[in-house]
Amino acid sequence: YSILIGNSSSNPAAYLIDNTTGKSVYSVSAYSSAVLSISGARLDDTHFVVQALTQTTLFAKIGTVNGTSISFGEQTNIISAVIGNAPVVALEADRIMSIFTSSSKLGIGISLVNGTTITQKQTYYLPGNVNAGHISATRIPDDNSGNKRVCICFSDTGDGNKGKAVIATVDSANAVTFGDVVTVINSTAHQIPCTYSDGVIYALSQTRLYVLNEALFVLDDAQL
């Protein structure tokens, strides 16, 4: 089975999808009313995290798959006063990274997962007032010291909505350091989803695909 996390006009929900037929065999609500955005990440074979943004608060829950049913643990509020979308990335089965914009700054929250319980730890902000929109994120390989790394792509609303990227590194003590912010797209970036595969980072803006190395240097781009 696979997990599909969807957001409708009524409320967000998690769906258990049969990998052979593609059909949903079970669904359960993740929140009792509508939210502004929702994201998720796989933790292990039976656990996943759902993160959603209400009008005022970013929160997360751990979902557990048991046979052909899904249950959720208690809700943990990550941070309030968040705007726009806010993706979540699994660093490990017991650590998650929440990425968001709050008070005109790009922020990161590191939380620990114990079973179905989430405990918020530290919050960090990218230096400078970077008001990020259209945020996306993808795990990239650990550095030479085993620290976890995440590539964050976004449009900089304070700089003509140019498409930019930055690498966030998380050590074993959950301290976050940021690399340099790199301009990937010199024009307006309409959405900017990114993913990592086979040694490179792919970032998409409208119908143009950009290929970056781990130093965020653009190796190539092409119209789809």
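For Lys23 and Asp18, the salt-bridge test fails: no basic side-chain N is under 4.0 Å from an acidic carboxylate O.
Looking only at side-chain heavy atoms (C-beta outward), Lys105 and Leu126 stay at 4.5 Å or farther from each other. For the pair Tyr202/Leu209, a side-chain contact is recorded, criterion being any heavy-atom separation below 4.5 Å from C-beta on. Two residues are said to be in side-chain contact when any heavy atoms from C-beta on lie closer than 4.5 Å; Leu106 and Phe154 meet this criterion. Using a 4.5 Å cut-off on side-chain heavy atoms (C-beta onward), Thr117 and Glu74 make no contact. With contacts defined as side-chain heavy-atom distances shorter than 4.5 Å, the pair Leu16/Thr68 qualifies. Taking the side chain as every heavy atom from C-beta outward, Asn114 and Thr119 never approach each other to under 4.5 Å. The shortest distance between side-chain heavy atoms of Thr54 and Leu36 does not fall below 4.5 Å. Looking at Asn7 and Pro12, their side chains come closer than 4.5 Å, going by heavy atoms from C-beta outward.
Contact between Ile108 and Ala168 at its shortest, heavy atoms only, is CD1-CB, 3.6 Å. Considering all non-hydrogen atoms of both residues, Val184 and Val218 come closest at CG1-CG2, 3.9 Å. Across all non-hydrogen atoms, the minimal contact from Phe72 to Gly63 is CD2-CA, 3.7 Å.
Other residues, nucleotides and ligands place no more than 12 heavy atoms under 6.0 Å from the CG atom of Asn66. Counted within 6.0 Å of CD on Gln223, heavy atoms from surrounding residues, nucleotides or ligands total more than 12; the atom is thus considered enclosed.
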Inset, instruction - For the pair Tyr31 and Phe59, evaluate ring-ring contact (aromatic ring centres under 6.0 Å, His included) and give the outcome as yes or no after the intermediate values. - result: CA-CA 10 Å; Tyr31 191 66; Phe59 72 85; 4.8 Å; yes
Legend entry - Step-by-step side chain to side chain donor-acceptor pair (under 3.5 Å) determination, Gln51 to Ser98: CA-CA 8 Å; Gln51 181 169 275; Ser98 305; 2.5 Å; yes
Inset, instruction - Just do the side chain to side chain contact (heavy atoms under 4.5 Å, CB included) check on Asp220 and Tyr210 with the steps written out, would you? - result: CA-CA 6 Å; Asp220 198 8; Tyr210 296 81; over 6 Å; no
Could you pull out all donor-acceptor pairs under 3.5 Å where a side-chain atom in residues 38-50 meets a protein atom, sequence neighbours excluded?
residue	atom	partner	partner atom	Å
Ser39	OG	Ala86	O	3.3
Ser39	OG	Val88	N	3.2
Arg42	NH2	Asp45	OD1	2.4
Asp44	OD1	Thr46	N	2.9
Asp44	OD1	His47	N	2.8
Asp44	OD1	His47	ND1	3.0
Asp44	OD2	His47	ND1	3.4

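A donor-acceptor pair is defined here as one N or O able to donate and one able to accept, closer than 3.5 Å; no such pair exists between the side chain of Ser102 and the backbone of Val82. Remark: the backbone N or O of Arg139 is not paired with any side-chain donor or acceptor of Arg149 at under 3.5 angstrom.
With rounding to the nearest 0.5 angstrom, the CD1 atom of Ile78 is 6.0 Å from the CD1 atom of Ile118. Between the OG atom of Ser37 and the CG atom of Leu53 there is a distance of 4.5 Å, given to the nearest 0.5 Å. Between the OG atom of Ser205 and the CD1 atom of Ile192 there is a distance of 6.0 Å, given to the nearest 0.5 Å. Atoms CD and CD1, from Gln120 and Ile110 in turn, are 10.0 Å apart once rounded to the nearest 0.5 Å. Of the inter-residue distances, the one linking Cys151 atom SG with Ile140 atom CD1 reads 6.0 Å to the nearest 0.5 angstrom. Within the model, atoms NZ of Lys148 and CG of Asn174 stand 11.5 Å from one another, a figure rounded to the nearest 0.5 Å.
The side chain to side chain contact (heavy atoms under 4.5 Å, CB included) test applied to Asn131 returns Ile83, Thr101, Ser104, Thr157, not counting sequence neighbours. Remark: Asn77 engages Gln75 in a side chain to side chain donor-acceptor pair (under 3.5 Å) (not counting sequence neighbours).
Counted by atom type alone, Asn147 and Thr169 present zero donor-acceptor pairs between their side chains at under 3.5 Å.
Note on Val130: it clusters hydrophobically with Ile99, by side-chain heavy-atom contacts below 4.5 Å among ILVMFWY residues.
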